[in-house]
Amino acid sequence: MNAIDLPIAVLDSGVGGISVLRELTRLMPKEHFLYFGDSQNAPYGEKSPEEVLAITRSNLKMLLARGIKALVLACNTATGAAARILREEYPDLILVGIEPAIKPASLVGDHPRVLVMATPLTLRQEKFCTLMDRFSETSEILPVPCAGLVELIEDGELEGNRLDNYLEKLFFPHKDTKIDAVVLGCTHYPHIKEQIAKHLPHEVKILDGGDGTARETRRRLSAAGLLRTEGEGHIEILNSSPDPSRIDLSWKLLNR
Ligand code: DGL
């Protein structure tokens with residue numbers, strides 16, 4: 001098979017990266033995609049960086065053995081823990097990661113106050129601290145660690161009491177605060193964007209990095225002469241969990 005016809009692999013700790021796959025397929029409908037959700041190991045965001053690196057490395061090896069032309073690391077947590085090192089280990093691989101969309105959020109108004117929702121591990125990593133430092137002069141950035149939220153989404157709790165209670169408690173400390181933007185710094189969260197909006201104290205711009213990651217992937221493939229522009233695209237979804245409901249949930253989220 002020609003390299004151009006190989007699939008683009010999209011990797012996440014579970015169903016989260018489907019929010020990025022949606023942007024990728026919208027932008028590059030002629031491409032083939034191989035999505036791997038590692039729900040068996042979710043949540044990555046409550047593991048150590050070393051564990052997330054080891055898991056991501058082993059998932060990448062498995063995907064390379066199947067034959068892929070690029071890897072989209074559709075997980076903020078894994079990008080922070082593994083992208084730099086895996087780029088050194090595989091210098092010829094097109095590897096595109098994702099990071100919290102603080103840059104566009106910092107442009108929402110004058111010295112905006114920005115809530116950054118992300119996993120505890122993303123917010124602890126050097127990559128995030130550097131990003132936050134870069135924009136802290138022009139914006140007020142408030143990290144909001146969301147331990148336990150990925151598990152709710154993995155369980156398919158996309159609305160209802162459990163999610164309402166979680167979000168109500170999460171935003172309680174900010175209920176009297178004027179917020180200018182909310183960054184969804186975990187690829188699971190765009191799946192519950194409407195629920196998040198409902199629990200914020202007022203209407204706010206909500207941003208995520210999915211579209212930027214899709215555009216960067218297209219740019220890298222095009223520069224390498226690997227962008228597929230003809231024929232019909234195909235999507236395959238795999239999951240490490242023995243529970244088939246994760247694959248069903250992935251398709252449901254993709255087609256919403
Ligand atoms: N979807 C992953 C992210 O973007 C997080 C997942 C997890 O904690 O497993 O950070």
Side-chain angles (χ1 to χ4, degrees), residues 9-24 35-60 71-84 86 95-103 105 115-129 131-132 143-158 163 166 170 182-193 195-196 206-214 216-217 237-241 243 246-247 249-250 253-254:
V10 183
L11 175 62
D12 177 52
S13 65
V15 301
I18 294 285
S19 65
V20 181
L21 180 62
R22 210 164 36 214
E23 302 296 333
L24 287 160
Y35 184 88
F36 183 70
D38 190 10
S39 295
Q40 185 75 345
N41 286 308
Y44 285 4
E46 288 164 56
K47 292 186 161 49
S48 70
E50 294 75 20
E51 275 177 290
V52 175
L53 170 62
I55 293 170
T56 308
R57 185 187 276 131
S58 126
N59 285 333
L60 174 55
L71 173 73
V72 177
L73 209 39
C75 176
N76 294 261
T77 311
T79 299
R84 189 182 53 76
L86 293 178
L95 193 164
V96 180
I98 188 163
E99 65 179 21
I102 295 183
K103 189 177 170 184
L115 296 192
V116 184
M117 298 172 64
T119 68
L121 180 56
T122 292
L123 298 176
R124 267 205 324 272
Q125 294 188 81
E126 197 189 325
K127 191 174 185 340
F128 178 76
C129 297
L131 188 66
M132 191 163 136
V144 182
C146 301
L149 187 50
V150 161
E151 290 93 314
L152 285 180
I153 299 165
E154 283 288 311
D155 284 349
E157 300 269 344
L158 307 174
L163 187 61
Y166 183 99
L170 187 76
V182 173
V183 171
L184 306 182
C186 166
T187 55
H188 280 73
Y189 308 161
H191 296 315
I192 54 159
K193 188 172 169 178
Q195 303 303 314
I196 290 171
I206 303 180
L207 301 141
D208 69 74
D211 175 54
T213 297
E216 174 64 4
T217 306
I237 298 184
L238 306 174
N239 196 291
S240 59
S241 167
D243 179 354
R246 292 297 190 276
I247 302 245
L249 178 60
S250 302
L253 291 168
L254 183 63

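Remember, it's 1-based here, ligands and their atoms both numbered in the order they're listed. The basis for the numbers below is simple: all heavy atoms, side chains too, and nothing from hydrogens, waters or symmetry mates.
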Geometric N/O contact E46 with ligand 1, under 3.5 angstrom: no

Min side-chain heavy-atom separation L60-R57 under 4.5 Å: no

Nitrogen or oxygen of G45 less than 3.5 angstrom from that of ligand 1: yes

D38 CG to D12 CG distance, which is reported to the nearest 0.5 Å: 8.5 Å

Residue, atom name and distance, where the atom is the protein heavy atom closest to atom 2 (C) of ligand 1: C75 SG, 3.2 Å

Rounded distance (nearest 0.5 Å) linking atom CE of M117 with atom CG of N76: 12.0 Å

For the student: nearest non-hydrogen atoms of L163 and Q195, plus distance: CD2-CG, 3.7 Å

Selected option - heavy-atom contact closest to atom 1 (N) of ligand 1, from V15, L73, T187: T187

Numbering as shown, the atoms of ligand 1 that approach C186 to under 4.0 Å (heavy-atom distance): 1 (N), 2 (C), 3 (C), 4 (O), 5 (C), 10 (O)

Polar side-chain atom of Y189 near backbone of L149 as donor-acceptor pair, under 3.5 Å: no

Where ligand 1 meets S13 - atom numbers and elements under 4.0 angstrom, heavy-atom basis: 5 (C), 6 (C), 7 (C), 9 (O)

Residue part near ligand 1, for L121, under 4.0 Å between non-hydrogen atoms: neither

T77 N/O to ligand 1 N/O under 3.5 Å: yes

Element-labelled atoms of ligand 1 that are located less than 4.0 Å from some non-hydrogen atom of T119: 5 (C), 8 (O), 10 (O)

Atoms in ligand 1 flagged as close to D12, the criterion being non-hydrogen separation under 4.0 Å: 1 (N), 2 (C)

Contact summary for H191 and V15, nearest pair of heavy atoms: NE2-O, 3.0 Å

Where ligand 1 meets V150 - atom numbers and elements under 4.0 angstrom, heavy-atom basis: 6 (C), 7 (C), 8 (O), 9 (O)

Among N76, T122, I153, closest by any non-hydrogen atom to atom 4 (O) of ligand 1: N76

Minimum-distance pair of heavy atoms, taken over all atoms of Y44 and V52: O-CG2, 3.5 Å

Minimal non-hydrogen separation, G17 against V10, with atom names: O-CG1, 4.2 Å

Test log, rule side chain to side chain contact (heavy atoms under 4.5 Å, CB included), inputs R246 and Q40: CA-CA 10 Å; R246 292 297 190 276; Q40 185 75 345; over 6 Å; no

Nearest-contact summary for atom 7 (C) of ligand 1 - protein heavy atom, Å: Y44 N, 3.2 Å

